[in-house]
There are 2 protein chains.
Amino acid sequence: MTLEYAILGLLSWQPFSGYDLKRIFEDSPVYHWSGNNNQIYRTLVNLHNEGLVERDIQQQESLPARKVYSLTPQGHNALRHWLNSTPSLPLRKHEFLIQLGWADQLSSAELDSLLSNYEDEVFALGLLVQASVKNPQLHPARTMRENLLWDSIAENWSGYYQYELEWVRNLRRQLQTLEV
Amino acid sequence: MTLEYAILGLLSWQPFSGYDLKRIFEDSPVYHWSGNNNQIYRTLVNLHNEGLVERDIQQQESLPARKVYSLTPQGHNALRHWLNSTPSLPLRKHEFLIQLGWADQLSSAELDSLLSNYEDEVFALGLLVQASVKNPQLHPARTMRENLLWDSIAENWSGYYQYELEWVRNLRRQLQTLEV
DNA sequence: CAGATCATGTAACTGGTTACATGATTCA
DNA sequence: TGAATCATGTAACCAGTTACATGATCTG
């Protein structure tokens, strides 16, 4: 389960509550794929049962208690083991390309509006991603090497949206020359 | 449900059996995300219940009957409606980038071996993708415009793996210069 | 006064994976 | 003789989404 390790990673940096984690997952495209409580809170309970994290309950007046989690030595081990395991390849679910595959049924106006919508959305998301991925609150930079790694992660994400944007612009241009 | 429309799309091209579809989904990165029977066979039953496809049962001697599905007029309508609906953005689940985010805990030998593994796998998959995405059996080319669309889909996929490959090579180079 | 933020959590669901089961035929 | 291909399907499970519930405090 990826989410488990994603959480272990973050906790190896600093202790967080479920709520903190939820916000990080929501805000960062790196952790894009789950920003929902249900899974996060349940995963924390599991990790706790497995002895990989420990929880510190901080009582607050007039707000529910914060449950702050941190790694146990076993948690550190589990993380380190995962870090050395063989990397998994990125998964892309690109629904739009499937849509496009049958879009010859559309008029050229409809098709271009579809592409222009896509272009706008990619552009907008690209800006968001660029902003959030550079947010120093979302990642550590304790050594020069760690800094380089996170820069490279940020570059991978923002570069990806750039790639997608150039691709759609190029396609629109090609379709226009076909039109004439 | 994306799978539903992906199937409607394919059936709008030509009739297929569940087994045919399963193989297409397995072979093509475009439909990467599900090559498993369970869902495909169940989805076909659903589509049939909804009246979007009709089935033609072809008895065979000594082999189970082939159930060949094709679109009904309602199926064509549903597809056309979806084609004109607002495009959805690509989803990337990039587990490796999360792994990398905490990889400063590894020795430089371990880190480089991780990256080199990743590079090899991306390279290999890139070749596969390039081959399968150009396979004319997996897509129609009935008009010049349709041809252009599918070329562009193929380019999006193979270009993506190229992008990922250049990214990892670049990172390895940067890490090496840091080392010295 | 309405809506966001802090902070926890649960219920019901959809989507997707892994593994199993059957059984004939072809190919190395 | 063992593996791959053709062709159907089911059972059990894991992962992820949407929506709900509570209740105080802060901000416009």
### Message
Hydrogens and angles aside, do A:His32 and A:Glu26 bring a side-chain donor and acceptor to less than 3.5 Å of each other?
### Response
no
### Query
Are A:Gln60 and C:dA7 close enough that a side-chain N or O sits under 4.0 Å from OP1 or OP2?
yes
### Residues touching DNA chain C, which here means a heavy atom under 4.0 Å, drawn from residues 83-103 of chain A
A:Lys93
### Query
Side-chain N or O of B:Tyr41 less than 4.0 angstrom from OP1 or OP2 on D:dT8?
yes
### Task
Take the angle between the ring planes of B:Trp102 and A:Trp150 and call it parallel below 30°, perpendicular above 60°, tilted in between.
perpendicular
### Query
With sequence neighbours left out, what residues match B:Asn46 under side chain to side chain contact (heavy atoms under 4.5 Å, CB included)?
B:Glu50
### Task
List in chain and number order the residues that pass side chain to side chain contact (heavy atoms under 4.5 Å, CB included) with B:Ala124, two or more places apart in sequence or in another chain; answer none if no residue qualifies.
none
### Summary
Taken to the nearest whole Å, NE2/B:His48 to C1'/D:dT8 is 16 Å
### Query
Excluding sequence neighbours, so at least two apart, what forms side chain to side chain contact (heavy atoms under 4.5 Å, CB included) with B:Asp112?
B:Arg172
### Task
Would you jot down, in residue-number order, the residues of residues 1-19 of chain A having a non-hydrogen atom under 4.0 Å from DNA chain C?
A:Ser17, A:Gly18, A:Tyr19
### Task
Take atom OH of A:Tyr31 and atom C1' of D:dT17, then tell me their distance rounded to the nearest Å.
21 Å
### Query
Between A:Asp20 (CG) and C:dA7 (P), how many Å, whole number?
7 Å
### Task
To the nearest Å, give me how far apart NZ (A:Lys22) and P (C:dC6) are.
9 Å
### Query
Base, sugar-phosphate, or nothing: which does B:Lys67 touch, judged by heavy atoms less than 4.0 Å apart?
sugar-phosphate
### Query
Who are the side-chain hydrogen bond (donor to acceptor under 3.5 Å, both in side chains) partners of A:Thr143, not counting sequence neighbours?
B:Asp104
### Query
To the nearest angstrom, how far is A:Leu44 atom CG from C:dG9 atom C1'?
12 Å
#### Entry: Residues which pass side-chain hydrogen bond (donor to acceptor under 3.5 Å, both in side chains) with B:Asn84, listed by chain and number, not counting sequence neighbours
A:Glu110
#### Entry: Those residues that, when tested against B:Glu179, pass side-chain hydrogen bond (donor to acceptor under 3.5 Å, both in side chains) (two or more places apart)
B:Ser108
### Query
For B:Trp167, which residues count as a ring pair (Phe, Tyr, Trp, His ring centres under 6.0 Å) partner, sequence neighbours excluded?
none
### Message
Tell me every residue that passes side-chain hydrogen bond (donor to acceptor under 3.5 Å, both in side chains) with A:Arg142, counting only those two or more places apart in sequence or in another chain.
### Response
A:Glu146
### Residue list, ring pair (Phe, Tyr, Trp, His ring centres under 6.0 Å) with A:Phe96, at least two apart or on another chain
A:Tyr118
### Summary
In B/S/- notation (B base, S sugar-phosphate only, - none; protein heavy atoms under 4.0 Å), nucleotides 17-23 of chain C written 5' to 3' is BB----B
